[in-house]
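For reference, the structure discussed in these notes is given below.
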Amino acid sequence: MNKKETNIIVSRIEQWNSRLQGLFIEDRVSLSAKFARSKNAVPFSEKNKLKYKPITKGKSWGKEWDSAWFCLSGNLKKEWRGKKIIADLDFSGEGLVYDSKGKEIQGITNASIWDQNFARTRVLVPKTCIKNNEVEIWVETAANSLFGIFVDVDPEQDNPKRHGTFDAKVETIDLGIFREDIWHLYLDVRILLGLIEKLEEDSTQRLRIINSLNQAVIAFRDDQKDANASRKILSAELNKRASSSELKVAAVGHAHIDTGWLWPVKETIRKCARTFTTQLDLIDRYPDYVFGASMPQHYQFMKDFYPSIFKRIKAAVKKGQWELQGGMWVEADCNLISGESMVRQLLYGKIFFKKEFGVDVDNLWLPDVFGYSAALPQILKKAEINYFLTQKISWNQFNDFPFQTFNWRGIDGTEILTHFPPENSYNSELDTKFLMPAQKTFKEKDKLNEFMSLFGVGDGGGGPKPENIELGKRLKNLEGAPKVSFDHAKNFFKRLNRKKNQLETWVGELYLELHRGTLTTHGLVKKQNRKLENKLKAVEFLWSNCDLKNYPHGDLDGAWKKLMINQFHDIIPGSSINLVYKNTHKEYEDIHKVCDNLLNKSAAFLFKKDKTSFTLVNSLSYNFRGVVKIPKNCKGYQIISDDGVDIPTQQVNNDIVCFIELEPFSFKTFSKGQKEKNKTVSKSDLILENNYVKYEFHKDGSLKYAYDKELKLNFLKSNGNILSL
């Protein structure tokens, strides 16, 4: 075959494989549906309080951010008995499918604008949804897609659709027989098409695959009822074994779920429920499959709002098919938050996993954070975190980062073993099209024989689909492709640790040359975060000086968790939608109120009211030197510190101020002494003067006179401090 003939055949194979996807469901029938809409999510236990009305395909059921409950019903055909029954459900947005008893079955989502392969509409109907040949399925739906709602890129300020729109319709509510044989044929072809795309054009293996696929097309055309005939033809190529030089892939099922981004945090709670339910179902169906998820806050959501899901996760962790990843409470920004906040993220995260699951997580899992402070390695090591994973630096705008697996050295010399999965994505489909380029470009392939793949739908959630797991199984040992096995990240890191002395070292910050503006966008969010970091520290310092039996554990715990969730890497940098920040600012005000209340309460324990004295507290870890206002009843009196020093005072407008020095983490009491003999002198002259210098200003702020008393010299020949543009 010449090149032109080959391309024609390959194009025909691709079209055939695309058509196979439309044959997965056979003998379709539509389900009857009734629904009840609500502005906010309603739990399963309260769904019957809503008012339901019938709805059919093509009809609209809600607008942006609406919720609804659907009850779907229908009868099974007699000829379906003993066959796999599947529901094809598409409500334009997202949803969580339940049986009539309230057990969560699977999450569903409409196709994404990012990738059509992200869609998840097929649900294998469990026996719990079938009674006396009748099917009953419940679905809680959301009028938003995997990536939020539809928003114009640059809307006008007065545009009523400025913050987005969404029209949710009933697209598909069908029932039918699942043609598993055709589905498996499609996956066989997909693997081989990936090889055709990535192998050299004149490769013997590539040409033989094309010939084999062409024969499979002919066999299927002759008898569409017998997909196994085509699969048998393809098995010759799929059974060829990989060479010993092919790299190994530790495949970790993953669903990076943004805690807030193109949707509010309250929607993240339901995204977690959909994702985790789907993955629990896959764990039951595939005993070798391993799924992992980070962020204790997401698990806390399940514990609070979906306790049955949380219970099932605990069982999956115990079984070894669910991996707890990442030590931080959320996948937090690592540029803007303080070192204390980084410590708290790790402290709260590790404690949660240890308390709830008995697992001590030893890796930091931040695949999507916008750069990493050089202070992190030291903080991580002291938190007993030994490994770090991200892939974000591969998104650099200009410079290609030199390593993918290396020792990262921080500012104090501490080193953390670091891995960047070479697919440069946390949304891998575990396909030849993803893994073969990764093997080719893996920068440490001369030293290391394996890399990690994070596969599954991320950002908006969902995780791996059955297709991804099946593709991985086909790549266990296939000629021309890396060798895939499902594994835990912790096992991969332990194997990698044995070779860390062979790896290069990167010193200092991991700077991301992308997503600029994260230090300035939504400045008030950043300002409030810093104020609250300092305020919480002050509250804790004061209460640590009280009797610890009164320590407000619960209030501080809640305040820190609210602050930490808003340190998520799409919230504090300013990359989320307006709806997210409405909630953020409300939560900041809540934290301020908690802190103010606790500050007042601590004062009642620590101090006694005394009109003749006042106490200043330095909750900082360094010396304070500065001017402070003192009580008005001290006006005209000497101010004496508790070590007997007379502190000079000065009146500024209506306030009495003095210059104070306080040691770190200290209290100092000042008493009202004798009446001052010197009268207060008011001057309207614009003069600054001490024992050494004298400066005189004009009313416009320009400097008229700059006199050095020791040298007896005026340094100005003409006006100074002149502001010009």
Side-chain angles (χ1 to χ4, degrees), residues 94 107-121 144-148 187 190-191 193-194 197-198 249-263 268 271-272 274-276 278-279 282 289-295 298 323 325-326 331 365-370 389-396 404 419-442 451-472 475 481-482 484 486-487 489 492 512 514-515 568-570 575:
E94 296 189 273
I108 55 173
T109 185
N110 184 279
S112 162
I113 57 169
W114 299 77
D115 191 329
Q116 292 301 309
N117 285 331
F118 286 2
R120 193 185 312 253
T121 61
N144 52 267
S145 74
L146 196 63
F147 292 91
L187 294 168
R190 182 171 163 181
I191 283 286
L193 279 171
E197 183 180 315
K198 300 303 178 185
V249 178
V252 182
H254 189 56
H256 170 70
I257 305 175
D258 285 313
T259 305
W261 181 33
L262 302 177
W263 52 87
T268 301
K271 281 180 175 287
C272 289
R274 296 172 199 131
T275 299
F276 294 166
T278 300
Q279 297 311 310
L282 291 177
Y289 169 58
V290 177
F291 175 74
S294 65
M295 294 191 267
H298 293 181
E323 183 178 35
Q325 297 161 338
E331 291 180 10
W365 193 273
L366 300 177
D368 194 33
V369 171
F370 311 159
L389 178 139
T390 185
Q391 60 82 45
K392 196 70 172 185
I393 305 301
S394 70
W395 295 19
N396 270 0
Q404 286 170 325
H419 182 63
F420 297 173
E423 289 169 283
N424 300 333
S425 172
Y426 47 78
N427 290 307
S428 170
E429 293 186 25
L430 209 61
D431 195 353
T432 37
K433 291 183 181 182
F434 283 75
L435 295 174
M436 289 174 71
Q439 175 173 250
K440 188 175 182 179
T441 59
F442 185 39
F451 60 85
M452 195 187 299
S453 173
L454 308 185
F455 72 100
V457 181
D459 291 316
K465 298 163 68 177
E467 287 87 340
N468 305 130
I469 299 171
E470 289 288 347
L471 292 169
L475 290 171
V484 171
F486 302 115
D487 204 353
F492 169 83
L512 177 66
L514 198 70
H515 298 342
F568 180 74
H569 66 257
D570 268 312
S575 48

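Computation of the quantities below employed the complete heavy-atom set of this structure, encompassing side-chain atoms and omitting hydrogens, waters and symmetry-equivalent molecules.
Salt bridge present: Glu429 and Arg190 bring a charged side-chain N and a carboxylate O closer than 4.0 Å.
Interatomic distance, Phe492 CZ to Phe451 CZ, rounded to the nearest 0.5 Å: 9.0 Å. Gln404 CD to Asn424 CG: the interatomic distance, rounded to the nearest 0.5 Å, is 6.0 Å. Here Leu514 contributes atom CG and Trp395 contributes atom CH2; the two are 8.0 Å apart, rounded to the nearest 0.5 Å.
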Side chain to side chain contact (heavy atoms under 4.5 Å, CB included) between Ile191 and Asp431, worked out:
CA-CA 7 Å; Ile191 283 286; Asp431 195 353; 3.9 Å; yes
*Give the C-alpha distance, both sets of side-chain angles, the deciding distance and a yes or no for side chain to side chain contact (heavy atoms under 4.5 Å, CB included) between Lys392 and His515.*
CA-CA 11 Å; Lys392 196 70 172 185; His515 298 342; 3.2 Å; yes
Query raised in the report: After noting the C-alpha distance and the side-chain angles of Val457 and Arg120, does the key distance pass the side chain to side chain contact (heavy atoms under 4.5 Å, CB included) rule?
Result: CA-CA 10 Å; Val457 181; Arg120 193 185 312 253; 4.0 Å; yes
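Taking the side chain as every heavy atom from C-beta outward, Leu475 and Val249 never approach each other to under 4.5 Å. Residues Arg274 and Ile108 are not in side-chain contact: their nearest non-hydrogen atoms beyond the backbone lie 4.5 Å or more apart. The side-chain heavy atoms of Leu435 and Leu430, taken from C-beta on, include a pair separated by under 4.5 Å. Counting heavy atoms from C-beta on, the side chains of Leu282 and Phe291 never come closer than 4.5 Å. Between Leu389 and Leu454, the closest side-chain pair of non-hydrogen atoms falls below 4.5 Å. With contacts defined as side-chain heavy-atom distances shorter than 4.5 Å, the pair Thr109/Phe118 does not qualify. Within the 4.5 Å cutoff, the side chain of Leu512 has heavy atoms near those of the Asn396 side chain. The side-chain heavy atoms of Val484 and Ser453, taken from C-beta on, include no pair separated by under 4.5 Å.
Judged by distance alone, the side chain of Lys271 and the main-chain N or O of Thr259 form no donor-acceptor pair under 3.5 Å. A donor-acceptor pair is defined here as one N or O able to donate and one able to accept, closer than 3.5 Å; no such pair exists between the side chain of Thr275 and the backbone of Gly463. Between the side chain of Glu94 and the backbone N or O of Gly107, no donor-acceptor pair lies under 3.5 Å. Put simply, the side chain of Gln325 gets close to the backbone of Ala293: a donor and an acceptor are under 3.5 Å apart.
Looking at every heavy atom in both residues, Ala489 comes nearest to Val252 through N-CG2, 4.1 Å. Of all heavy-atom pairs spanning Ala481 and Thr432, the tightest one is CB-CG2, 4.3 Å. The two residues Pro367 and Glu331 make their nearest non-hydrogen contact at CD-OE1, 3.6 Å. The two residues Phe455 and Pro464 have their closest heavy-atom pair at O-CG, 3.2 Å. Across Ser428 and Ser425, no two heavy atoms sit closer than the pair N-OG, 3.8 Å. The two residues Asp258 and Asp368 have their closest heavy-atom pair at OD1-OD2, 3.8 Å.
Side chain to side chain, His254 and Asn427 fail the donor-acceptor criterion of an N or O pair below 3.5 Å. Side-chain polar atoms of Thr268 and Trp263 form a donor-acceptor pair below 3.5 angstrom. Using modelled atom types and a 3.5 Å distance limit, the side chains of Ser575 and Asp570 yield a donor-acceptor pair.
Residues Phe276 and His298 keep their aromatic ring centres 6.0 Å or farther apart.
Among Trp365, Trp261, Tyr426, the single residue meeting the ring-ring contact (aromatic ring centres under 6.0 Å, His included) criterion with His256 is Tyr426.
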